[in-house]
Amino acid sequence: MSEKSTIVEQEHSSNLLDNTDITSVASTPSNKNETDITPEGDPKTESENATNIAAPPSPPGTNWGICVLCLMVAFGGYISGWDSGTIGGYESQTDFLKRFGSKRSDGTYYLSKVRTGLLTSMFNIGNAIGCFFLGRLGDMYGRRIGLIVAAVIFIVGNIIQIASIRAWYQYMIGRIVAGVGAGLIAILSPMLISEVAPKNSRGAMVSCYQLMITLGIFLGYCTNFGTKRYHNSTQWRVGVGLQFAWCLCMISAMMFVPESPRFLVEKGRIEEAKRSIGRSNGVSPDDPVAIWELDEIQVVVDKSRAEGEAGWLDLFNTEHKIFQRVIMGIAIMAFQQLTGANYFFYYGTTIFKAVGMKDGFEAAIVFGVVNFFSTCCALLFVDRLGRRRCLLYGAAGMICCMVVFASVGVKRLWPKGKKAGISSQGAGDCMICFSCFFLFCFATSWAPIAFVIISETFPLNVKAKGMALAIVSNQLWNFCIGFFTPFISNSINFAYGYVFLGCICLAWIYVFFFVPETKGLVLEDVDIMWREGTLPWKSASWIPPSERGANYDVDALANDDSSPWRKMFGRK
C-alpha cells in the first residue's frame with residue numbers, strides 16, 4: 001500500500017473514531033478489525049493505529065417506501081416537463097396567435113421569430129435566476145421548505161400567465177416568474193433525492209426527476225391535442241390552469257417526505273436525522289446501518305464546520321478538486337442541452353409538419369411516448385452499467401442518429417428544393433424514425449444521468465452553489481437553443497443537426513477524460529475519491545477507505561502511463 005493511501009485511510013478512520021458516541025454500533029469492538037497490516041506487512045494493534053471501520057451490510061431487497069417518497073420529490077420535474085410539453089403547442093393554437101401575435105395583411109395571425117423565441121425561452125432565464133439567487137433556501141430552511149416555496153412561486157407565475165388577455169409581454173413575465181420556481185425545484189429536488197435515497201439505488205431515484213419531466217412533456221402534448229378543437233382561450237388556458245393542480249400536489253407531497261439527514265445533522269437535529277436515515281434504508285433508527293451512516297455524515301459536517309462557511313470564492317479551490325468539480329458540472333449540464341434534444345421537444349410540431357405530416361400535435365405525442373418509456377429504461381441502467389458507461393453509450397448512439405437525421409434532411413427531404421414545397425415521404429419517415437432513436441439514446445443516458453452526476457459530485461458545504469452554477473449553465477444554453485432555433489432553422493434548415501452532432505462528439509470526449517464513475521458509493525466517499533485525484537477512466541476500480549485491503553494503491557489510480565483510450569470502459 002502506498003504512503004498516500006495509508007494517510008488517507010488513517011485520517012478517515014480517525015475522524016470516524018473521534019466523532020462516534022458511545023451509543024454508536026460502529027464504535028463497538030465487534031465492528032472493528034482487531035488487527036491491521038502495515039505497508040511492510042507487520043501486524044499492528046488498534047492502540048498503535050486507527051483501523052478502518054467497515055460499513056455494515058445494507059438491508060436486502062428494495063425499500064419501496066423510500067422509492068415512493070423519492071417519486072413524490074421528483075414530481076417537481078413533472079411541473080417543468082409540463083411547461084416544455086405545452087408551450088410549443090400554445091404557439092400553434094389559433095386563439096393564442098390572435099391574442100399575442102401580429103396580424104398579416106391577409107388577416108391571419110402569426111408570432112414573429114423574436115416573439116416566439118422570447119415566449120419559449122424566457123422561462124429558462126427565470127430558471128437561471130431561481131437557481132442562482134434562491135438555491136441557498138435549501139441550506140437555510142431545509143430542502144422540503146425550499147420546494148414548497150418554489151411551488152408557491154410557480155403558482156404566482158401561473159396566475160400572471162392565465163390572466164393575460166392581449167399583452168404578450170405579460171404572458172412572458174409570467175413565464176419568467178414561473179421559471180424562477182422551476183429553477184429552485186431543479187436544484188432542490190435532485191439534491192433531496194440524492195441525500196435520502198440508499199446508495200445502491202440512488203442513481204435510479206435521482207433519475208426519477210427526469211422521468212417526471214418526460215411524463216409532464218408527454219401529458220402536455222396530450223393536453224394540446226385534446227384542446228386544439230376549441231376556438232377560444234380554452235386552447236391554452238386549460239393547460240396553464242392545470243399547473244395549479246400540479247403545484248398543489250407538490251406542496252402536499254412535501255408533508256410526507258423525510259428531510260435530508262445531512263441538513264438535519266448540520267442543524268444539530270440528530271434524532272430526526274437518525275429517523276430519516278432509518279426510513280431511507282428501511283430499518284429502525286438504532287440499526288447499525290443507520291448509526292454507521294449517521295457517523296459518516298457527522299464526520300463530514302464537523303469537518304465542514306471546522307473549515308468555515310463556504311463562500312463563492314471557495315468554488316475556485318483546486319486543492320480539494322472543488323473547482324474541477326464545478327467545471328465538470330457546468331460542462332455536463334451544458335452538453336445535455338447541446339445534444340439538441342430540446343430542439344425536438346420545443347419545436348416538435350414544426351419539425352413534423354416540415355417532414356410532411358399534417359397533424360403536428362398528434363405526431364408530437366410520439367416523441368412524448370418514446371421519451372417517457374425510454375426514461376423508464378434508464379432507471380434500470382444507471383445503477384447497473386454506471387454513470388460513465390451510460391453517458392458514453394448514449395452519446396455514441398446519438399451521434400449515429402444525428403448523422404442520419406441531418407443528412408437525410410439536407411439531401412433527401414426536398415428533392416426539388418424547399419421552395420418547391422414538395423417533400424419526400426420516405427425521407428420524412430426516415431427522419432421521424434431516427435428522431436425517435438435519438439430520443440431513446442438521450443432519454444436513457446444524458447437526460448437523467450446529468451442530474452445524477454451533479455447531485456453526487458459536490459461536498460455538502462458547496463453543494464447548493466455548485467449545483468446552482470451547473471443548472472444555470474443548463475438553462476442558459478436552453479435559452480439560447482429556444483431563442484435562436486427559429487432563426488437558425490430558417491437559415492440552414494436541417495443542417496442545424498450538424499451543429500448538435502459536433503457538440504455530441506465533444507461531449508463523448510469530455511466524459512471519457514473528465515467524468516469519474518460514482519455508482520454504489522455513499523456521497524461522502526465520492527468526495528474522498530475526488531480528493532485523491534483518481535483518474536476518471538480508472539474510477540470504476542476505486543474502493544472506499546472502509547473496504548480497502550493492505551495492498552490497495554491510491555497512486556496507481558491517480559496516475560497512468562499507458563494510453564487511456566485503450567481501455568475505454570473500465571469495470572470492477
Side-chain angles (χ1 to χ4, degrees), residues 83-125 160-176 220-221 223-240 342-364 409-410 413-425 427-428 431 479-497:
D83 181 271
S84 297
T86 54
I87 184 60
Y90 296 163
E91 292 168 352
S92 299
Q93 302 281 21
T94 54
D95 185 79
F96 195 90
L97 292 172
K98 186 176 180 180
R99 288 174 182 272
F100 305 120
S102 302
K103 189 175 183 179
R104 295 190 181 97
S105 57
D106 61 0
T108 59
Y109 292 88
Y110 71 100
L111 287 172
S112 67
K113 292 181 177 62
V114 172
R115 196 170 297 184
T116 299
L118 289 174
L119 287 173
T120 301
S121 58
M122 288 306 289
F123 182 81
N124 307 117
I125 295 298
I160 298 173
Q161 291 176 70
I162 208 167
S164 303
I165 298 176
R166 296 290 177 187
W168 70 272
Y169 49 82
Q170 178 182 344
Y171 191 89
M172 183 188 71
I173 292 171
R175 283 182 58 74
I176 295 174
Y221 285 155
T223 300
N224 284 338
F225 179 73
T227 59
K228 70 173 184 175
R229 66 179 181 271
Y230 294 97
H231 300 287
N232 53 23
S233 63
T234 301
Q235 290 180 327
W236 57 276
R237 279 198 167 119
V238 167
V240 177
N342 276 347
Y343 165 62
F344 295 101
F345 295 139
Y346 286 153
Y347 300 100
T349 55
T350 305
I351 293 171
F352 277 123
K353 288 180 180 179
V355 300
M357 296 194 70
K358 296 180 180 179
D359 193 339
F361 291 105
E362 182 177 336
V410 171
L413 182 60
W414 294 296
K416 298 181 180 180
K418 183 179 179 181
K419 293 182 180 179
I422 302 174
S423 61
S424 167
Q425 184 66 44
M431 292 178 69
F479 167 80
C480 291
I481 292 171
F483 183 78
F484 291 110
T485 289
F487 301 97
I488 299 173
S489 294
N490 185 64
S491 177
I492 62 175
N493 297 315
F494 292 104
Y496 193 18

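Note: F100 and Y90 fail the aromatic proximity criterion, with ring centroids not under 6.0 Å apart.
In this structure, the separation between CE on M172 and CD1 on I160 is 11.5 Å, given to the nearest 0.5 Å. Atoms CG and CH2, from N224 and W236 in turn, are 12.5 Å apart once rounded to the nearest 0.5 Å. Between atom CG of residue L97 and atom CD of residue E91 there is a gap of 8.5 Å, rounded to the nearest 0.5 Å. In this structure, NZ on K113 lies 14.5 Å from CZ on F484, to the nearest 0.5 angstrom. In this structure, CD on Q93 lies 10.5 Å from CG on N232, to the nearest 0.5 angstrom. For the atom pair CD of Q170 and CD1 of I165, the computed distance is 7.5 Å after rounding to the nearest 0.5 Å.
Contact between T120 and I87 at its shortest, heavy atoms only, is CA-CG1, 4.3 Å. Closest approach of K98 to R166, counting heavy atoms only: O-NH1, 3.9 Å. F96 approaches L119 most closely through the heavy-atom pair CE2-CD1, 4.0 Å.
Formation of a donor-acceptor pair under 3.5 Å by the T108 side chain with backbone atoms of R104 is not found in this model.
Ion pairing between a basic and an acidic side chain is recognised when a charged N comes within 4.0 Å of a carboxylate O; D95 and R237 show no such pairing.
Classified by interplanar angle (parallel below 30°, tilted 30° to 60°, perpendicular above 60°), the ring pair F479/F483 is parallel.
Just one residue in the list Q235, H231, K228 forms a side chain to side chain donor-acceptor pair (under 3.5 Å) with T94, and that residue is Q235.
Other residues, nucleotides and ligands contribute over 12 non-hydrogen atoms within 6.0 Å of the OH atom of Y109. Enclosure of atom CZ in F487 by more than 12 non-hydrogen atoms of other residues, nucleotides or ligands within 6.0 angstrom is indicated.
Checked against side-chain hydrogen bond (donor to acceptor under 3.5 Å, both in side chains), S102 has no partners two or more places apart in sequence or in another chain.
You'll find the side chain of Y171 stays beyond 4.5 Å of the side chain of R99, heavy atoms only.
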